[in-house]
Colleague: 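Could you have a look at this structure, given as structure tokens, before my questions?
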Amino acid sequence: LREGRAKPAGWHRNIERRARGMFPVSSSSSQLEPWERQLALVEILLLSGGTLFANFRDLSHAWGREKGFHHLLATSVCERRGEVERKKRSDAGRTMTTEQRKAFRDKLKRARLHKGDIEDERSENI
């Protein structure tokens with residue numbers, strides 16, 4: 001991990017994906033696959049096991065994540081009692097009426113507009 005500091009963020013994740021015959025991720029912020037979460041968790045446990053050279057900042061860089069992602073990952077897995085799969089949507093498989101689809105689209109548009117306003121405010125404050 002220490003030698004990977006000069007490599008681009010997410011280098012380790014892309015190597016692991018290539019080793020499994022998968023394409024590299026297009027964005028380092030894309031959601032981790034369940035097997036990636038499990039692998040990252042094992043690496044976190046190995047680093048936590050008392051090695052003198054444990055550096056979670058290097059691990060975050062290797063996976064293309066922000067500093068401290070090991071806390072978030074471990075917390076989410078512990079809260080789910082070991083489950084590494086994504087949560088299933090409660091409405092999965094349900095068919096919506098035309099009116100429900102329209103209402104959903106409108107709600108999504110409003111949320112995206114609101115999110116864009118928040119990001120604009122943040123960039124102005126910088």
Colleague: Carefully, step by step, assess Leu32 and Trp63 under the rule side-chain contact (heavy atoms from CB on, under 4.5 Å).
Modeller: CA-CA 9 Å; Leu32 294 172; Trp63 279 95; 4.1 Å; yes

Colleague: Donor-acceptor pair, Asn14 side chain versus Val25 backbone, under 3.5 Å?
Modeller: yes

Colleague: Side chain of His61, backbone of Lys7: donor and acceptor closer than 3.5 Å?
Modeller: yes

Colleague: Do the side chains of Asn55 and Arg5 get nearer than 4.5 Å, heavy atoms only?
Modeller: yes

Colleague: Are the charged groups of Asp106 and Lys102 less than 4.0 angstrom apart, N to O?
Modeller: yes

Colleague: Looking at Arg17 and Met22, would you say the former's side chain and the latter's main chain have a donor-acceptor pair under 3.5 Å?
Modeller: no

Colleague: Quiz question: by atom type and distance under 3.5 Å, do the side chains of His70 and Glu43 form a donor-acceptor pair?
Modeller: no

Colleague: Drop me the distance from Lys107's NZ to Arg105's CZ, to the nearest 0.5 angstrom.
Modeller: 15.0 Å

Colleague: Roughly how far, to the nearest 0.5 Å, is the CD atom of Gln100 from the OG1 atom of Thr95?
Modeller: 8.0 Å

Colleague: Any chain of hydrophobic side-chain contacts (each under 4.5 Å) joining Leu46 to Phe69?
Modeller: no

Colleague: How far apart are the C-alpha atoms of Arg65 and Leu59, what are their side-chain angles, what is the distance that settles it, and do they pass the side-chain contact (heavy atoms from CB on, under 4.5 Å) test?
Modeller: CA-CA 8 Å; Arg65 296 295 196 217; Leu59 183 67; over 6 Å; no

Colleague: Scan Arg13, Arg18, Arg20 and name whichever one has a side-chain contact (heavy atoms from CB on, under 4.5 Å) with Glu16.
Modeller: Arg20

Colleague: Tell me, do Phe56 and Ile44 make a side-chain contact under 4.5 Å, heavy atoms counted?
Modeller: yes

Colleague: Please check if atom CZ in Arg101 has more than 12 non-hydrogen atoms from other residues, nucleotides or ligands closer than 6.0 Å.
Modeller: yes

